[in-house]
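Scroll down for the structure; my scribbles are underneath it.
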Amino acid sequence: MNAVEYHPIGIIHTPFKTPEGTPIQPPGGMDDCAVVEVFPEHVEGLRDIEGFSHIILLYHCHLSGPVRLTVKPFLDDALHGLFATRAPARPNAIGLSVVRLLRVEGGSLFIREVDIVDGAPLLDIKPYVPKFDSRASERTGWIEKQAHRTEQARDDGRFSGK
Ligand SMILES: C[S@@+](CC[C@H](N)C(=O)[O-])C[C@H]1O[C@@H](n2cnc3c(N)ncnc32)[C@H](O)[C@@H]1O
């Protein structure tokens with residue numbers, strides 16, 4: 001198939017300078033604030049976004065490593081298929097994070113609950129709508145067995161990408 005080309009619509013500024021030490025998922029970055037800078041030509045598209053408590057950010061994981069189709073994810077010691085994980089080193093290194101929107105000032109979105117490395121090129125923003133995006137799922141695969149580990153890591157402050 002032909003290549004698909006996207007151009008960043010902004011840039012994500014966060015306190016995390018390297019993948020190591022960045023929270024594994026947004027809830028791990030509960031207390032950390034960040035700013036999404038939307039480029040001037042796209043700012044008009046932000047109208048009404050302040051009405052949403054959470055937004056979905058799609059971005060390029062610009063510091064991701066070489067692609068491997070099986071990976072040991074942060075929360076497990078066993079190998080899993082890449083597409084059964086949220087590991088950033090993917091054939092198309094697209095990250096997806098649901099973050100809390102604190103306020104909007106012009107083209108700047110002030111956010112919290114961030115698991116994104118500083119400087120990530122922003123590809124898209126969508127409103128998070130529980131009716132569309134939240135499901136009562138019956139199975140969560142290998143992560144089910146690691147639920148206790150996630151909680152433990154959160155509790156003792158090790159909920160990072162180290
Ligand atoms: C497990 S991934 C999950 C990312 C996103 N929530 C998702 O599900 O697509 C989170 C980890 O990706 C890495 N990461 C985040 N932003 C990145 C970037 N711009 N480039 C490379 N790695 C990144 C950090 O190590 C972070 O701990």
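In listed order, ligands and their atoms are each counted from 1.
The part of Q25 lying near ligand 1 is the side chain, judged by heavy-atom distances below 4.0 Å. Both the backbone and the side chain of P19 come within 4.0 Å of ligand 1, judged by heavy-atom distances. Of all the heavy atoms of P73, none lies under 4.0 Å from any atom of ligand 1, so neither backbone nor side chain is involved.
For ligand 1 and G95, the ligand atoms under 4.0 Å from any heavy atom of the residue are 9 (O). Each of the following atoms of ligand 1 lies closer than 4.0 Å to a heavy atom of I116: 15 (C), 16 (N). Near L63, the atoms of ligand 1 lying under 4.0 angstrom from a non-hydrogen atom of the residue are 20 (N), 21 (C). Residue S97 has at least one heavy-atom neighbour below 4.0 Å for each of these atoms of ligand 1: 5 (C), 6 (N). Of all the atoms in ligand 1, the ones that sit under 4.0 Å from a non-hydrogen atom of A120 are 19 (N).
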Show your working on side chain to side chain contact (heavy atoms under 4.5 Å, CB included) between V35 and I111 and close with a plain yes or no.
-> CA-CA 6 Å; V35 181; I111 58 170; over 6 Å; no

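Under the 4.5 Å side-chain heavy-atom criterion for ILVMFWY residues, no single connected hydrophobic cluster contains both L63 and L82.
Within the 4.5 Å cutoff, no side-chain heavy atoms of P8 are placed close to those of H60. The shortest side-chain heavy-atom distance between F83 and P91 falls under the 4.5 Å cut-off. By the 4.5 Å heavy-atom criterion applied to side chains, L122 and F39 are not counted as neighbours.
The nearest pair of heavy atoms linking Y128 to S134 is OH-CB, 3.7 Å.
By the 3.5 Å distance cut-off applied to N or O atoms, V117 is counted among the residues near ligand 1.
Using a non-hydrogen distance threshold of 4.0 Å, F16 does not register as a contact of ligand 1.
For the residues A93, S64, P23, the heavy atom positioned nearest atom 21 (C) of ligand 1 is part of S64.
For residues 84-108, the salt bridge (Lys or Arg N to Asp or Glu O under 4.0 Å) pairs, not counting sequence neighbours, are R100-E113, R103-E105.
Under the side chain to side chain donor-acceptor pair (under 3.5 Å) criterion, H54 pairs with no residue, sequence neighbours left out.
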